[in-house]
Protein chains: 2
Amino acid sequence: MIPSQMLKGTLEGCILAVIGRKETYGYEISQQLEYYGFGKIAEGTIYPLLLRLEKNGLAEAVYRQSEVGPQRKYYRLTAAGEQELALFVRNYRALSRAVDNLLQETKGDAVYEPQDKETVAGK
Amino acid sequence: MIPSQMLKGTLEGCILAVIGRKETYGYEISQQLEYYGFGKIAEGTIYPLLLRLEKNGLAEAVYRQSEVGPQRKYYRLTAAGEQELALFVRNYRALSRAVDNLLQETKGDAVYEPQDKETVAGK
DNA sequence: GCAAACTACATTGCAATGCAAGATAGAACG
DNA sequence: CGTTCTATCTTGCATTGCAATGTAGTTTGC
């Protein structure tokens, strides 16, 4: 279920993308991420991340009443947030290409030629 | 060039993939990664990671002489390392699918209906 | 009314990991 | 000898996902 280390750096961008689509709040974001196949992302991950986005000026928030529970804190992207999102997409594509290049050759398992002889040495 | 946070968790798997293709050593791995589009990965990243792989039984190493410089420490995957690599590939694919799902809808910028009624959920 | 369940947000402290900076050392070349 | 390229390693730091925990409003059932 997607190891946490692999989410580092990616999750922030993904949450920017979620917010960028439509104004939304933490609890809903966590449901969205699950829907998209990220698995259950802990609340202890999401809320601090949202606060960080706000603190860094990438998102801004307003409280609104809910008819079904406590107040919700709705986030939307700032201009800086949209730039950051665009940057994330570029970076993610770059990583994705690199990994795909590599794994593609890994599949077949024998693309590189055999190398020179052994000259063993202790380890 | 690919922010460091985004490499977390992914880099280890990629290095497993590089080693899995053919026995190789740290310095060459760094050149391979650059060739594949990962950018320059610091040596302070690669060598500790290789030591960790060895310590965790995912790779094993032998020293060999080089004709052009100091000794090289060649790594190859253990059986456990190959399993770990296979696991990484599965996890990476899962993440990749999730992000692609999300970004795909982000592109057009207006895939979600302007709702405020529930009727919720994904498209 | 009261307990449970769901919604909703937040904080604390920890663990994993990429990286900068710096050290060490062999080989080749002018 | 000094510089450059090859090659490995260590220390300490910053970032960030997450478990654990706390708070609080709303709804439902007894």
Spacing of [X] atom [atom1] and [Y] atom [atom2] [to the nearest 0.5 Å]:
| X | Y | atom1 | atom2 | value |
| --- | --- | --- | --- | --- |
| B:K40 | B:T45 | NZ | OG1 | 9.0 Å |
| B:R90 | B:R93 | CZ | CZ | 12.0 Å |
| A:I19 | A:L50 | CD1 | CG | 5.5 Å |
| A:I46 | A:S30 | CD1 | OG | 4.5 Å |

Separation of [N] [atom2] from [X] [atom1] (nearest whole Å):
| X | N | atom1 | atom2 | result |
| --- | --- | --- | --- | --- |
| B:Y25 | D:dT6 | OH | C1' | 8 Å |
| B:E54 | D:dT10 | CD | P | 11 Å |
| B:N91 | C:dA16 | CG | P | 17 Å |
| A:M1 | D:dG17 | CE | P | 14 Å |
| B:I46 | D:dT10 | CD1 | C1' | 16 Å |
| A:L50 | C:dA8 | CG | P | 14 Å |
| B:M6 | C:dT17 | CE | C1' | 16 Å |
| A:E12 | D:dC18 | CD | C1' | 16 Å |

Name the nucleic acid region contacted by B:L49, choosing base, sugar-phosphate or nothing; use a 4.0 angstrom heavy-atom cut-off, strictly under.
->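 Sugar-phosphate contact only - B:L49 comes under 4.0 Å of backbone atoms but never of a base.
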
If you look at every strand shown and take non-hydrogen atoms under 4.0 Å, does B:L51 touch a base, only sugar-phosphate, or nothing?
->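 Contact class for B:L51: sugar-phosphate only.
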
Please list, chain by chain and in numerical order, all residues satisfying ring-ring contact (aromatic ring centres under 6.0 Å, His included) with A:Y27, sequence neighbours excluded.
-> none

For A:Y25, all residues meeting ring-ring contact (aromatic ring centres under 6.0 Å, His included), sequence neighbours excluded =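 For A:Y25 the ring-ring contact (aromatic ring centres under 6.0 Å, His included) partners, ignoring immediate neighbours, are A:Y74.
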
What are the residues of residues 78-86 of chain B, sorted by number, that bring a heavy atom to within less than 4.0 Å of DNA chain D?
->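 Per residue number, the list is empty: none.
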
Do B:R21 and B:Q32 meet the criterion of a side-chain donor-acceptor pair at a distance under 3.5 Å?
->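 Side-chain D/A pair, B:R21 to B:Q32: present.
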
Which residues satisfy the side-chain contact (heavy atoms from CB on, under 4.5 Å) test with A:E60, sequence neighbours excluded?
->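 A:R76, A:T78.
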
Phosphate OP1/OP2 of C:dC9 contacted by A:R72 side-chain N/O (<4.0 Å) |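 Answer no for this pair, as no side-chain N or O of A:R72 is under 4.0 Å from OP1 or OP2.
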
Does A:Y47 have a side-chain nitrogen or oxygen under 4.0 Å from the phosphate oxygens OP1 or OP2 of C:dT11?
->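 No, because none of the side-chain N or O atoms of A:Y47 sits under 4.0 Å from OP1 or OP2 of C:dT11.
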
Show the atom names and distances, to 0.1 Å, of all donor-acceptor pairs under 3.5 Å that link a side chain in residues 6-16 of chain A to residues at least two apart or in another chain.
from	atom 1	to	atom 2	distance (Å)
A:E12	OE1	A:R52	NH2	2.1

Encode nucleotides 19-30 of chain C as B, S and - characters from 5' to 3', where the letter depends on protein heavy atoms closer than 4.0 Å: B to the base, S only to sugar-phosphate, - to neither.
-> BBB---BBSS--

First of A:Q5 and A:Y74 reached from the 5' end of DNA chain C, by closest nucleotide |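 Per heavy-atom nearest nucleotide, the more 5' residue is A:Y74.
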
With no angle test and no hydrogens, is the base of D:dT15 tied to the side chain of B:K8 by a donor-acceptor pair under 3.5 Å?
-> yes

